[in-house]
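Single-structure report; data block below.
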Amino acid sequence: MEELVDKYLAYLKGSQGRSANTLMSYRRDLDQAAAFLQAQGVGKWSAVDQYQLLALIAEQKKRGRSPATINRQLSALRQFYRYLVRHQQLRFNPMELVDNQQLTEKLPPEILTEPEIKQLLAAPDQAHALGKRDRALLAVLATTGMRVSELVDLLVTDLHLDIKMIRLGSGGRRERLVPISDQAVQELKQYLAAVRPLLVAEGEQAVFVNAHGHQLTRQGVWKNLRTLVRQAGIEKAVTPRTLRYSFAVHLLRSGADGRLIQEMLGYSELRAIKPYLKMTVQELSADYRQHQPKI
């Protein structure tokens, strides 16, 4: 069995140009399968049937392997058996009778309700400069859906508060202007006028700075957010991405065009919140009644 695996991997390397990492992954999966089958008394790949392969799957499950991991091994076996049929005169391909494992659907990301967002915005202590900074920071995150990396890289010159816009990705290939809410504009103006001058170090251009006057880091944002979530009495596991998803879901639920969300968050993020967009039967019926064709 090992000899045929060696021939197959040599074929992939020579004729298919597969990478060393791919070959290593295939060898691991095929060697593992061969070891199991040999322990079951099977000494040839041509002697394997679908029931032995199902036993292999059962063994992998017993060891706690995820459906994705099992499917990866099945994919390696499926391609290997195609090679055996085409190049080693194998007449029966048992993999044709074995299906992939069904992947468990990922849970949608947790989001905050609008009342919870208000709770969070009320958590920073407005008697202190850093509390006022955090209030402005949260308002920006919650009303733009920007990434925390974009937030900490935000420069004073990126703010166009007179037209209620912020420039993200300044100077890069993905530079873009995004709108900002009236509330966030107000919070930013107050922070820039009365708080940032008290904190900022000479020459620092970042909008949000730490207690030492230098650019706030992603780790600093995460740390402060955890503290504020606890102070707000919110029991959910909240990260900056939670605010990002919450922003998108609230916009979409209020009727915003999906293209707007795609432009601000990106297509991959739109897919992540897709579970929240499924209509109930009642919502589907109501929407149809509103837009039904007139004939």
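Numbering of residues begins at 1 and proceeds along the displayed sequence. None of the values given here were measured: they were computed from a predicted structure.
Formation of a donor-acceptor pair under 3.5 Å by the Arg133 side chain with backbone atoms of Val209 is found in this model. A side-chain donor-acceptor contact under 3.5 Å links Asp49 to the backbone of Gln52. Remark: side-chain polar atoms of Gln32 are not paired, donor with acceptor, to backbone N or O of Asp29 under 3.5 angstrom. The backbone N or O of Pro124 sits nowhere less than 3.5 Å from a side-chain atom of Gln231 that would complete a donor-acceptor pair. No donor-acceptor distance shorter than 3.5 angstrom exists from the side chain of His87 to the backbone of Tyr83, with no hydrogens or angles considered.
The shortest heavy-atom contact between Ala123 and Ala232 is CB-CB, 4.0 Å. Considering all non-hydrogen atoms of both residues, Leu9 and Leu23 come closest at O-CD2, 3.8 Å. In plain terms, the two heavy atoms of His212 and Ala201 that are nearest each other are O-CB, 4.1 Å. Smallest separation of non-hydrogen atoms from Ala193 and Pro197: O-CG, 3.7 Å. Here the shortest heavy-atom pairing between Glu204 and Gln215 reads OE1-N, 3.2 Å. Counting all heavy atoms, side chain and backbone alike, Phe80 lies closest to Leu4 at CE1-O, 3.8 Å.
Residues Leu30 and Tyr11 fall within the same hydrophobic cluster, defined by Ile, Leu, Val, Met, Phe, Trp and Tyr side chains chained together at heavy-atom separations under 4.5 Å. Leu155 and Val200 fall into different hydrophobic clusters, where Ile, Leu, Val, Met, Phe, Trp and Tyr side chains are chained together by heavy-atom contacts under 4.5 Å. Note on Phe92 and Tyr81: separate hydrophobic clusters, where clusters join Ile, Leu, Val, Met, Phe, Trp and Tyr whose side-chain heavy atoms are under 4.5 Å apart, directly or indirectly. No chain of hydrophobic side-chain contacts below 4.5 Å, direct or via other Ile, Leu, Val, Met, Phe, Trp or Tyr residues, connects Leu56 to Leu97. One hydrophobic cluster, built from ILVMFWY side chains closer than 4.5 Å, holds both Ile70 and Leu54.
Less than 6.0 angstrom separates the ring centroid of Phe208 from the ring centroid of Tyr191.
The side-chain heavy atoms of Ile166 and Leu177, taken from C-beta on, include no pair separated by under 4.5 Å. Between Arg196 and Val156, the closest side-chain pair of non-hydrogen atoms falls below 4.5 Å. Side-chain atoms of Leu112 and Thr242, non-hydrogen and from C-beta on, do get closer than 4.5 Å to each other. Residues Gln190 and Lys132 fail the side-chain proximity criterion, which asks for heavy atoms closer than 4.5 Å. Counting heavy atoms from C-beta on, the side chains of Glu150 and Thr144 never come closer than 4.5 Å. Here the side chains of Pro179 and Lys164 are not in contact, with every heavy-atom distance at 4.5 Å or above. Here the side chains of Val140 and Ile180 are in contact, with some heavy-atom distance below 4.5 Å. Between Leu138 and Leu243, some side-chain heavy-atom pair lies under the 4.5 Å cut-off.
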Can you list the steps and then say if His160 with Asp162 is a side chain to side chain contact (heavy atoms under 4.5 Å, CB included)? CA-CA 6 Å; His160 302 279; Asp162 54 331; 4.0 Å; yes
With side chain to side chain contact (heavy atoms under 4.5 Å, CB included) as the criterion, how do Leu137 and Leu151 come out once you've worked through the C-alpha distance, each side chain's angles and the decisive distance to 0.1 Å? CA-CA 8 Å; Leu137 182 153; Leu151 179 88; 3.6 Å; yes
For the pair Gln73 and Arg65, evaluate side chain to side chain contact (heavy atoms under 4.5 Å, CB included) and give the outcome as yes or no after the intermediate values. CA-CA 11 Å; Gln73 184 175 47; Arg65 303 290 193 269; over 6 Å; no
Evaluate the side chain to side chain contact (heavy atoms under 4.5 Å, CB included) criterion for residues Met24 and Arg27: first the C-alpha distance (whole Å), next the side-chain angles of each, then the deciding distance (0.1 Å), finally the verdict. CA-CA 5 Å; Met24 187 181 303; Arg27 178 175 289 282; 5.8 Å; no
Step by step, work out the side-chain hydrogen bond (donor to acceptor under 3.5 Å, both in side chains) result for Gln88 and Lys7. CA-CA 10 Å; Gln88 300 295 328; Lys7 288 183 178 180; 4.8 Å; no
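Arg218 CZ: 12 or fewer foreign heavy atoms inside a 6.0 Å radius. The environment of Lys61 atom NZ is sparse: at most 12 non-hydrogen atoms of other residues, nucleotides or ligands sit within 6.0 angstrom. Under a cut-off of 6.0 angstrom, the local environment of NE2 in His128 is sparse, with at most 12 non-hydrogen atoms contributed by other residues, nucleotides or ligands.
Of the inter-residue distances, the one linking Phe247 atom CZ with Ile117 atom CD1 reads 10.0 Å to the nearest 0.5 angstrom. Rounding to the nearest 0.5 Å places CZ of Arg147 at 12.0 Å from CG of Asp153. Here Asp99 contributes atom CG and Gln50 contributes atom CD; the two are 11.5 Å apart, rounded to the nearest 0.5 Å. In this structure, CE on Met165 lies 12.5 Å from CG on Leu159, to the nearest 0.5 angstrom. Taken to the nearest 0.5 Å, the NZ atom of Lys189 stands 12.5 Å off from the CD atom of Glu187. Remark: Thr157 OG1 to Arg167 CZ distance equals 5.5 Å, nearest 0.5 Å.
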For residues 38-45, dump all side-chain donor-acceptor pairs below 3.5 Å to protein atoms at least two apart in sequence or in another chain.
| residue | atom | partner | partner atom | Å |
| --- | --- | --- | --- | --- |
| Gln38 | NE2 | Glu2 | OE2 | 3.2 |
| Trp45 | NE1 | Met1 | O | 3.0 |

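For the side-chain contact (heavy atoms from CB on, under 4.5 Å) criterion with Leu225, the lone passing option out of Val238, Val148, Leu141 is Val238.
Taking the charged nitrogens against the carboxylate oxygens, Glu59 and Arg63 do have a contact shorter than 4.0 Å, which makes a salt bridge.
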